[in-house]
Amino acid sequence: MEKIGILIIENDEATQSALRQVLDSEGWQVRIVPHVSQTLSELSSGVWSLVIVNISMTGLAGPVFHTLKELALAPAMEEGKFRARVLFLLPESTAFETQSVLES
């Protein structure tokens, strides 16, 4: 059985560790990207079923955010193939500032 690929875009080491521990224990293939600058190359170099991204990471605005937003809004299946789904993590400390970004 092929492992499900999960890409985690997160710069907080404690969150990285917690996500990896939970997802690894379920047998999923996990890749962590700690720097936004590596995101686009990782997205294009792997087959990802899920992308988990910390919306408050510095440098996420611009092309990276727009690419993730397009993935999040795209149909789950296109041309008979499943597309990656995107889960945006919203740290409680930044919820007020980033809520309007997510809503738009």
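The analysis underlying the following values was restricted to heavy atoms, covering all of them including side chains, and did not include hydrogens, waters or symmetry mates.
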### Task
Measure the CZ-CD1 distance between Arg85 and Ile52 for me, rounded to the nearest 0.5 Å.
13.5 Å

### Summary
To the nearest 0.5 Å, atom CG of Leu7 lies from atom OG of Ser49 at 11.0 Å

### Query
Are Trp48 and Leu40 linked, directly or through other ILVMFWY residues, by side chains that come within less than 4.5 angstrom of each other?
yes

## Note on the structure
In short, Phe65 meets Ile55 closest at the heavy-atom pair CE1-CD1, 3.4 Å

### Summary
Rounded to the nearest 0.5 angstrom, the CG-CZ distance for Leu23 and Arg31 is 15.0 Å

### Backbone of Glu10 reached by a side-chain donor or acceptor of Gln16 within 3.5 Å
yes

### Query
Phe82, Ile6: one ILVMFWY side-chain cluster at the under-4.5 Å cut-off?
no

### Task
Verify, without hydrogens or angle tests, whether Ser17 (side chain) and Ala14 (backbone) share a donor-acceptor contact under 3.5 angstrom.
no

#### Entry: side-chain contact (heavy atoms from CB on, under 4.5 Å), paired with Ser56, selected from Asn54, Val53, Thr58
Asn54

## Note on the structure
Shortest non-hydrogen pair, Ala84 vs Val51, comes out as CB-CG2, 4.4 Å

### Query
Going through the distances and angles, do Ile9 and Val64 end up as a side-chain contact (heavy atoms from CB on, under 4.5 Å)?
CA-CA 11 Å; Ile9 304 164; Val64 173; 5.7 Å; no

### Task
Mind checking side-chain hydrogen bond (donor to acceptor under 3.5 Å, both in side chains) for Thr15 and listing every partner two or more places apart, or none if nothing turns up?
Asp12

### Trp28 CH2 to Arg20 CZ distance, which is reported to the nearest 0.5 Å
14.0 Å

### Query
Can you list the residues that meet the side-chain hydrogen bond (donor to acceptor under 3.5 Å, both in side chains) rule with Gln38, with sequence neighbours excluded?
none

### Message
So which atom in Arg83 and which in Pro75 form the shortest heavy-atom distance, rounded to 0.1 Å?
### Response
CD-O, 3.4 Å

### Task
Report yes if the side chains of Val30 and Leu19 come closer than 4.5 Å at any heavy-atom pair, otherwise no.
no

### Task
For Phe88 and Leu68, run side-chain contact (heavy atoms from CB on, under 4.5 Å): C-alpha distance rounded to whole Å, both residues' side-chain angles, the deciding distance at 0.1 Å, then the answer.
CA-CA 9 Å; Phe88 291 103; Leu68 292 168; 4.1 Å; yes

